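Residue numbers run from 1 in the order of the sequence given. This is a predicted model, so every value here is computed, not measured.
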Amino acid sequence: MRKLLLLSLILCGLFMAENIQAQNVNIELLANAQVSDNSTDIWGYTAPNGDKYAIMGRGSGVSIFDLRELSDPVEVAFLPGANSGWRDIKTWGEYAYVTNETANGLLIIDLTDLPNSAPATDWTGSGDIQFSSAHNIFMDENGVAYIVGADYQAGGAIMIDCAANATNPPILGVYNDRYVHDCFVVNDILYANEGNFGFSIVDVSDKNNPVALGSAQSYGYNHNCWLSDDGSTLFTTDETSGTWVVSWDVTDPTDIQELGRYQSSPGQNVIPHNTFFIDQYVVTSYYRDGVTIADVSNPAAMTEVGNYDTHPQGSGDGFAGCWGVYPYFGDGLIIASDMQMGLFVLDATYQPAAFIE
């Protein structure tokens with residue numbers, strides 16, 4: 001009986017150790033920098049000299065962290081702004097563009113003098129197109145920014161040319177069929193996340209005359225998307241309890257087909273927030289489950305191969321934990337923002353999944 005009890009305790013200990021280890025798989029913590037209020041979205045910036053920075057939204061403004069010493073990120077600038085529970089950030093050239101859902105329009109930050117200073121100005125539109133708040137922003141490969149969810153008409157996508165003028169961009173047009181929560185744009189094709197409507201694919205090659213090509217309904221509040229490098233597969237998140245990261249065949253926008261679904265912690269009702277495609281993987285800020293990495297080389301069988309739990313208070317439903325993640329520095333470096341725990345600097349090993357066919 002003693003031997004049986006001892007064996008049971010050993011097996012139980014091994015099981016518990018495996019479970020603890022499974023919380024952080026193929027992702028290693030390099031640093032965590034907490035701030036005094038809630039963190040929102042995050043984006044990365046690499047200066048012309050190669051120095052790396054994390055630009056993180058907060059309830060009270062925007063923080064910029066110097067990442068030259070990865071184990072010790074240093075806040076080199078804080079730009080106060082209107083109190084807002086939502087801030088989103090993208091960069092073009094040596095400028096960062098930040099939206100919020102409260103006031104003052106678009107914050108444009110000059111990054112040229114980092115780490116010494118980061119002066120900023122507000123931009124609220126031009127002519128008849130004016131806005132004071134916006135939910136999100138996306139920057140395409142041509143330096144055209146898409147400001148979405150603004151307090152202008154339906155809250156669609158205001159298209160502005162940051163490549164033409166970084167601090168006073170001309171407005172090129174507006175897609176205004178319905179409210180857009182987030183989007184992805186490449187080759188003048190807009191993939192618009194439209195909340196409860198689902199998502200739409202829109203030709204914006206003529207910015208003054210956007211043409212809807214097709215749409216699809218998902219499983220909740222369609223929140224964010226990212227396209228595979230070959231343009232064939234769109235990965236979306238629904239910001240709804242117990243939903244999935246979903247893959248879609250978008251090669252024919254008039255006949256969009258679902259390919260597969262992936263869920264972290266099945267049965268726990270965790271909410272996926274933002275997902276990003278890189279190589280054959282999607283990296284997702286998965287709220288209470290932290291950062292997850294899934295191998296999507298087979299979009300019909302997406303498989304989690306990495307995770308780091310930024311929210312040790314537990315999994316499950318609710319808007320807490322990891323808000324945003326940025327995986328595009330290269331060499332496995334990832335930065336993430338946790339609503340309660342601030343900035344995370346992580347080192348990821350992208351390990352392909354093994355499939356049995």
Could you tell me whether the side chain of Tyr286 and the main chain of Ser264 form a donor-acceptor pair under 3.5 Å?
yes
Please determine whether side chain to side chain donor-acceptor pair (under 3.5 Å) holds for the pair Asp238 and Thr243, giving the CA-CA distance in whole Å, both sets of side-chain angles, and the decisive distance to 0.1 Å.
CA-CA 6 Å; Asp238 290 318; Thr243 53; 5.0 Å; no
Using the ring centroid of each side chain, check whether Tyr179 and His135 are separated by less than 6.0 Å.
no
Would you check, one step at a time, whether the test side chain to side chain contact (heavy atoms under 4.5 Å, CB included) holds for Trp86 with Asn136?
CA-CA 8 Å; Trp86 294 269; Asn136 221 316; over 6 Å; no
Apply side chain to side chain donor-acceptor pair (under 3.5 Å) to residues Trp323 and Ser39 and explain how you reach the verdict.
CA-CA 8 Å; Trp323 179 297; Ser39 302; over 6 Å; no
Side chain to side chain donor-acceptor pair (under 3.5 Å) assessment of Asn193 paired with Asn222
CA-CA 6 Å; Asn193 303 104; Asn222 195 263; 2.6 Å; yes
Would you say Trp123 and Pro169 make side-chain contact, with heavy atoms under 4.5 Å?
yes
Check Thr240 against Gly220 and note the closest heavy-atom contact, atom names and distance.
OG1-CA, 3.4 Å
Any idea how Tyr281 and Tyr350 line up, ring-wise: parallel (<30°), tilted (30 to 60°), or perpendicular (>60°)?
tilted
Can you check whether Ile189 reaches Leu213 side chain to side chain, under 4.5 Å on heavy atoms?
yes
Just jot down the ring-ring contact (aromatic ring centres under 6.0 Å, His included) partners of Phe197, sequence neighbours excluded, or say none.
none
Is atom CG of Asp128 surrounded by more than 12 heavy atoms (other residues, nucleotides or ligands) closer than 6.0 Å?
no
Where do His273 and Thr284 land on the side chain to side chain contact (heavy atoms under 4.5 Å, CB included) test, with the steps shown first?
CA-CA 7 Å; His273 197 210; Thr284 305; over 6 Å; no
Evaluate the criterion side chain to side chain contact (heavy atoms under 4.5 Å, CB included) for residue pair Met56 and Val35; output intermediate values, then yes/no.
CA-CA 10 Å; Met56 187 174 75; Val35 293; 4.0 Å; yes
Minimal heavy-atom distance between Arg288 and Asp317, with the atoms involved, is NE-O, 2.7 Å
Considering only distance and modelled atom types, tabulate donor-acceptor pairs under 3.5 Å from the side chains of residues 325-334, sequence neighbours left out.
residue	atom	partner	partner atom	Å
Tyr328	OH	Trp226	NE1	3.1
Tyr328	OH	Phe277	O	2.7

Check against ring pair (Phe, Tyr, Trp, His ring centres under 6.0 Å), Phe138 and Phe184:
CA-CA 7 Å; Phe138 183 85; Phe184 180 93; 5.1 Å; yes
Please test Tyr262 against Thr292 for side chain to side chain donor-acceptor pair (under 3.5 Å), starting from the C-alpha separation and ending with a verdict.
CA-CA 11 Å; Tyr262 149 68; Thr292 70; 3.1 Å; yes
What one should report as the nearest heavy-atom pair of Leu343 and Pro73 is CD2-CB, 3.9 Å
Please name the residue in the list Leu107, Ile137, Asp41 that meets the side chain to side chain contact (heavy atoms under 4.5 Å, CB included) test with Thr99.
Ile137
Holding to side-chain hydrogen bond (donor to acceptor under 3.5 Å, both in side chains), I want the full list of residues that pass it with Ser315, two or more places apart in sequence or in another chain.
Asp289
Would you find a donor on one side and an acceptor on the other, under 3.5 Å apart, between the side chain of Thr237 and the backbone of His223?
no
Name all residues meeting the ring-ring contact (aromatic ring centres under 6.0 Å, His included) criterion together with Tyr152; count only those two or more places apart in sequence or in a different chain, and write none if there are none.
none
Just wondering, do Ile64 and Leu79 contact through their side chains at under 4.5 Å, heavy atoms?
yes
Hey, does Val250 have a side-chain heavy atom less than 4.5 Å from the side chain of Leu227?
yes
So the salt bridge (Lys or Arg N to Asp or Glu O under 4.0 Å) pairs with at least one residue in residues 61-76 (sequence neighbours excluded) are Asp51-Arg68, Arg58-Glu75, Asp66-Arg68
So which heavy atom on Tyr219 is nearest to which on Arg261, and how close?
OH-NH2, 3.0 Å
Keeping to residues at least two apart or across chains, list the salt bridge (Lys or Arg N to Asp or Glu O under 4.0 Å) pairs with something in residues 180-204.
Arg178-Glu194, Asp188-Lys207
Got a sec, which pairs hit ring-ring contact (aromatic ring centres under 6.0 Å, His included) with one end in residues 49-80, sequence neighbours left out?
none
Gln340 side-chain N/O to Asn38 backbone N/O, donor-acceptor pair under 3.5 Å
no
Do Tyr175 and Cys183 make a side-chain contact, defined as non-hydrogen atoms from C-beta onward lying under 4.5 Å apart?
no
With sequence neighbours excluded, what pairs up with Tyr146 under the ring-ring contact (aromatic ring centres under 6.0 Å, His included) test?
none
Which atom of Asn104 lies closest to which atom of Ala82, heavy atoms considered
ND2-CB, 4.1 Å
Listed by chain and number, what are the side-chain hydrogen bond (donor to acceptor under 3.5 Å, both in side chains) partners of Thr40, not counting sequence neighbours?
none
Testing the 3.5 Å rule here: is there a donor-acceptor pair between the side chains of Asn26 and Gln351?
no
Would a distance-only check, ignoring hydrogens and angles, find a side-chain to backbone donor-acceptor pair under 3.5 Å from Asn224 to Thr275?
yes
How would you list, by chain and number, every residue that makes a side-chain hydrogen bond (donor to acceptor under 3.5 Å, both in side chains) with Ser117, sequence neighbours excluded?
Asp113
What's the separation between atom OG in Ser126 and atom CD1 in Ile158, rounded to the nearest 0.5 Å?
9.5 Å
Using only atom types and a distance under 3.5 Å, with no angle test, would you say the side chain of Glu141 pairs donor to acceptor with the backbone of Asn187?
yes
Would you check if Trp43 and Val98 make a side-chain contact, meaning some heavy-atom pair closer than 4.5 Å?
no
Is there a donor-acceptor contact under 3.5 Å from the side chain of Asp295 to the main chain of Ala353?
yes
Could you walk me through whether Ser60 and Asn83 satisfy the side chain to side chain contact (heavy atoms under 4.5 Å, CB included) test, starting with their C-alpha distance in whole Å, then the side-chain angles of each, then the deciding distance to 0.1 Å, before giving a yes or no?
CA-CA 5 Å; Ser60 57; Asn83 287 329; 3.9 Å; yes
Enumerate the residue pairs fulfilling ring-ring contact (aromatic ring centres under 6.0 Å, His included) with a member in residues 87-120, sequence neighbours excluded, ordered by first and then second residue.
none
Looking at every non-hydrogen atom in both residues, tell me the closest pair between Ser133 and Thr102 and how far apart they are.
CB-N, 3.6 Å
Asp140 side chain vs Val185 backbone, donor-acceptor pair below 3.5 Å:
no
Atom pair CE (Met341) and SG (Cys322), whose distance is rounded to the nearest 0.5 Å
12.0 Å
Taking ring-ring contact (aromatic ring centres under 6.0 Å, His included) as the definition, give me every residue that meets it alongside His311, ordered by chain and number, with sequence neighbours left out.
none
Please check: side-chain N/O of Asn24 versus main-chain N/O of Ile27, any donor-acceptor pairing under 3.5 Å?
no
